[in-house]
Number of protein chains: 4
Amino acid sequence: MTATIPTPLAKTRGPRSRPTILHATIEQLSIHGYQRLTVEGVAAAAQVHKSTLYRWWPDKSALVADALAAHLATGPVPDTGSTRDDLITWLRVTIANYTATPAGVAMPALISDLSARPGGLAAFRGSFLDKRRAGCAVLIQRGIRRGDLPADTDIELVMDALAGTVFYRQLVSGQPVTEDLAERIVTLLGVQSA
Amino acid sequence: MTATIPTPLAKTRGPRSRPTILHATIEQLSIHGYQRLTVEGVAAAAQVHKSTLYRWWPDKSALVADALAAHLATGPVPDTGSTRDDLITWLRVTIANYTATPAGVAMPALISDLSARPGGLAAFRGSFLDKRRAGCAVLIQRGIRRGDLPADTDIELVMDALAGTVFYRQLVSGQPVTEDLAERIVTLLGVQSA
Amino acid sequence: MTATIPTPLAKTRGPRSRPTILHATIEQLSIHGYQRLTVEGVAAAAQVHKSTLYRWWPDKSALVADALAAHLATGPVPDTGSTRDDLITWLRVTIANYTATPAGVAMPALISDLSARPGGLAAFRGSFLDKRRAGCAVLIQRGIRRGDLPADTDIELVMDALAGTVFYRQLVSGQPVTEDLAERIVTLLGVQSA
Amino acid sequence: MTATIPTPLAKTRGPRSRPTILHATIEQLSIHGYQRLTVEGVAAAAQVHKSTLYRWWPDKSALVADALAAHLATGPVPDTGSTRDDLITWLRVTIANYTATPAGVAMPALISDLSARPGGLAAFRGSFLDKRRAGCAVLIQRGIRRGDLPADTDIELVMDALAGTVFYRQLVSGQPVTEDLAERIVTLLGVQSA
DNA sequence: ATTTAAACGAGACGGTACGTCGCGTCTTTGT
DNA sequence: ACAAAGACGCGACGTACCGTCTCGTTTAAAT
């Protein structure tokens, strides 16, 4: 006999229109970029009043960071059997995140703003980056076990090199971010196919 | 008939107090960071009126970019005899630029602002980055000739990986930028000592 | 046949915690003054939800007016045998109301807010001022009968002068409101002792 | 021959459009009253940007106080030969200030706001009230010399009674402010014609 | 004992205006 | 030609509090 589950009361905590708002934020971000995105603009696009936004997010940067974290692909941890291919797959998601979404161009200003508020950057890392990196760490550790990567591989450093190269390319050096970039970076780091 | 050459180079072009201003800019940048640096603040520190600044630089980002370009070390092209050591030496200068000067923390916001004005980023690249990268390219090409690096080395990519890893570490992942970072990065890229 | 009288007066109508709320209102008023008193603050102090307040009072000004009306002394009609002393006694209560309670400083803002809502000021007059003035009118009429005051005394005007002088002193001119003020005002209006 | 006075350089210190702004402020005050007057509204009416207002006045209350001080009649010191008539004349100006200008209704809220900022009320007194009262004090002193008023007349108190009665009538008791009010008040204070 | 309705708790929201900040422009005046 | 001085336009930002609304939940009187 089926006991009545006492309705755990998933309270309506939090903004009612969170999804709408985050969606509008991404939209406005795509249209205007970070700097020219205005909180009022997001509010209008989300059919919500500005004060509602400030009730739930301390400032513009937090709002955008939240929206991005929710929008960017964390991606599944790839498992193709080949460490090299796993890394390439993972890196392609990163590239897509920087390229196919407003995240790339928005990043510098966002990071800068987040840094102003203590804990801002840390919060963003916690809500997105860490997950993403955890996935990559799994790949690398698997690669080490398999012998595809040296036993003394500095996991964090590898991840910084993977993402950092893409990041720098798009935002600083201005070099093109092409289709085969993921492969070329992985190759550069010495991860061969076999 | 021997025309008197009107010494065309004795330009009084440019602000009389350019050095003072650039110096004050760097100073303010160190104290406040890019965002909280104000043009009026720089003017005050340089004992100059705000309007003077706007006469010579189109906006805040240009001013800061100019000051940084003048302040950052372009550095001599190292020639230690060892490709690996050359790269490490070069990279250490980069790290110092990001670490020992206000450039590192200022970068995101600066880049973001520069990107807003068409040609802004390009100008900054031209005035600083290109020189720096040109030096590195020399190293790498020498390494290729020596056989220390593969013949098909993608020079631009290597440079992006070198600088990008540092950049990303400091600004995004938040991983520590330690003493031995240059060595570890160069090692990661497969450049061995012998 | 004895109809059971349905005791129509045992109303539970009205807020359960009216006294608590009014008390909290006065308290908050003393602490913060009218402007900086917030409805949420009163609610919190009264251990009650904001919505309860808005259920029973149309707005902040009405709440405060109600609390003040309940808190301020209407006072008994003094009867010392001397018209002059009666008036002084009465005026001292007024002074105490303005001085020993938050009413004085709160008045300007309260009046201003009450005036915004049609009938607001009138309601306040009805709930407090009128009673107070009625008491004073009795004194004055007694004084006229006794011959202590001229037969053609303009009662309303005298009351305005009595209270208005105190009011103006405290709020506008900033002159000190001293112990003997009541006497001096009554004297000024020509009411002698004998 | 008279030396050329070296043009004392009546610098353009201060807002260029001060008169326009003050005028617009009074206008808006008449239309909306103090509470519903908005700084942006004044700015718009004065064809000026909001920030210009905040550059020269710390807040709304200061702006309005300044505008009123400039707009209200300080009036000449009357000298009719009769102390009673002098006082009536003076009081009529006060009544007109409260009645024919937006000052009357604006007062409570204005005073309340001014009181919030330390020194706010004092500044208003200094810029308007004091001048006005100084004029009245002259009248009263003349009356004392003439013997029309008792030698021990408390000048400040008389002034508070004169203005306070009008003030209280209009704002608190709600009694009508009629034509003959000035006369009746002066009479009440015992100042006879002969 | 049960029904019913007044009163309350909780929490999100719309809305108005405030006051702030700093950028970049412009005009006037001097040197 | 350059620089000092200083007012201004302008566009956001983030804040504060007001008053409203929708649901559930308690409380207690009425049958």
Side-chain angles (χ1 to χ4, degrees), chain A residues 9 11-18 35-41 43 47-63 113 117, chain B residues 12-17 35-41 43 47-63 113 116, chain C residues 6-7 10-18 35-41 43 47-61 63 113, chain D residues 9 11-18 35-41 43 47-62 113 117:
Chain A
L9 283 177
K11 288 282 178 73
T12 324
R13 291 290 181 135
R16 280 204 265 279
S17 35
R18 206 186 121 96
Q35 302 255 53
R36 302 179 45 190
L37 167 151
T38 84
V39 176
E40 296 226 23
Q47 310 258 52
V48 147
H49 201 270
K50 181 171 74 157
S51 53
T52 297
L53 298 186
Y54 280 107
R55 240 186 291 270
W56 300 106
W57 292 274
D59 60 11
K60 169 173 154 173
S61 67
L63 171 62
D113 265 24
R117 198 172 276 257
Chain B
T12 323
R13 286 298 178 131
R16 283 203 263 279
S17 37
Q35 300 258 51
R36 301 178 44 191
L37 166 152
T38 82
V39 177
E40 298 228 22
Q47 312 257 50
V48 146
H49 196 267
K50 185 169 70 158
S51 51
T52 301
L53 298 187
Y54 279 106
R55 223 186 305 280
W56 298 105
W57 291 274
D59 60 11
K60 168 173 157 174
S61 67
L63 170 62
D113 265 24
Chain C
T7 52
K11 304 202 171 171
T12 322
R13 290 295 180 127
R16 283 203 266 277
S17 37
R18 190 165 192 272
Q35 300 257 52
R36 300 178 44 192
L37 168 151
T38 83
V39 177
E40 297 229 22
Q47 311 257 52
V48 147
H49 196 267
K50 184 170 69 157
S51 50
T52 298
L53 298 187
Y54 279 107
R55 235 186 298 271
W56 300 104
W57 292 274
D59 60 12
K60 169 174 156 174
S61 68
L63 170 63
D113 265 24
Chain D
L9 282 178
K11 286 282 181 71
T12 324
R13 291 290 181 132
R16 280 203 267 278
S17 33
R18 207 185 120 96
Q35 301 256 54
R36 302 180 45 190
L37 167 151
T38 84
V39 176
E40 296 226 23
Q47 310 257 51
V48 147
H49 199 269
K50 181 172 71 156
S51 53
T52 297
L53 298 186
Y54 280 108
R55 244 187 288 267
W56 300 106
W57 291 274
D59 59 11
K60 169 172 155 175
S61 67
D113 265 23
R117 198 171 276 256

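Each chain gets a letter, A, B and so on, in the order its sequence line appears, and its residues count up from 1.
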Enquirer: How many angstroms lie between atom CH2 of D:Trp56 and atom CZ of D:Arg16, to the nearest 0.5 angstrom?
Expert: 9.5 Å

Enquirer: Check every atom of F:dG19, F:dA4, E:dG9 against the side chain of B:Thr52 and return the nucleotide holding the closest atom.
Expert: F:dA4

Enquirer: Taking the nucleotide of DNA chain E with the nearest heavy atom to each, does D:Arg117 or A:Ser17 sit closer to the 5' end?
Expert: A:Ser17

Enquirer: Over all heavy atoms of both residues, which pair between C:Ala43 and C:His49 is shortest? Give the atoms and the distance, please.
Expert: CB-C, 4.0 Å

Enquirer: Would B:Lys60 and B:Leu53 count as a side-chain contact (heavy atoms from CB on, under 4.5 Å) if you check the C-alpha gap in whole Å, the side-chain angles of each, and the deciding distance to 0.1 Å?
Expert: CA-CA 9 Å; B:Lys60 168 173 157 174; B:Leu53 298 187; over 6 Å; no

Enquirer: Please report the distance, rounded to the nearest Å, between CZ in A:Arg16 and P in E:dG14.
Expert: 8 Å

Enquirer: Whole angstrom is fine here: how far is it from CG in C:Leu53 over to P in E:dC8?
Expert: 10 Å

Enquirer: Any idea which of F:dA4, F:dC10, E:dA7 is nearest the D:Ser51 side chain?
Expert: F:dC10

Enquirer: Could you tell me how far apart C:Leu37 (CG) and F:dC18 (C1') are, to the nearest whole angstrom?
Expert: 12 Å

Enquirer: Between D:Ser61 and C:Arg18, which is nearer to the 5' end of DNA chain E once each is assigned its nearest nucleotide?
Expert: C:Arg18

Enquirer: Distance check needed: E:dA10 P versus C:Gln47 CD, whole Å only.
Expert: 10 Å

Enquirer: Using a 4.0 Å heavy-atom cut-off across all strands, classify D:Lys60 as base, sugar-phosphate, or nothing.
Expert: sugar-phosphate

Enquirer: Taking N and O atoms by type only, does the side chain of B:Thr38 place a donor or acceptor under 3.5 Å from a partner on the base of E:dG22?
Expert: no

Enquirer: Checking contacts here: which listed nucleotide (F:dA16, F:dC18, E:dG19) is nearest the side-chain heavy atoms of D:Val39?
Expert: E:dG19

Enquirer: Nearest whole angstrom, please: distance from the P of F:dC13 to the CZ of A:Arg55.
Expert: 17 Å

Enquirer: What closest approach, in Å, do A:Val39 and A:Tyr54 show between heavy atoms, and which atom pair accounts for it?
Expert: CG2-OH, 3.5 Å

Enquirer: Would one find a side-chain N or O of B:Trp56 under 4.0 angstrom from OP1 or OP2 of F:dA3?
Expert: yes

Enquirer: Strictly below 4.0 Å: does C:Tyr54 bring a side-chain N or O up to OP1 or OP2 of F:dG19?
Expert: yes

Enquirer: Counting only distance, no hydrogens or angles, is the base of F:dA3 paired donor-acceptor with the side chain of B:His49 under 3.5 Å?
Expert: no

Enquirer: Give the minimum heavy-atom separation between D:Gly41 and D:Thr38, together with the two atoms involved.
Expert: N-OG1, 2.7 Å

Enquirer: If I take atom CD in residue C:Glu40 and atom C1' in nucleotide E:dA12, what distance separates them, rounded to the nearest angstrom?
Expert: 12 Å

Enquirer: Can you measure B:Lys50 atom NZ to F:dG9 atom C1' for me and round it to whole angstrom units?
Expert: 11 Å

Enquirer: Could you check how far CZ of C:Arg36 sits from C1' of F:dC17, rounded to whole Å?
Expert: 13 Å

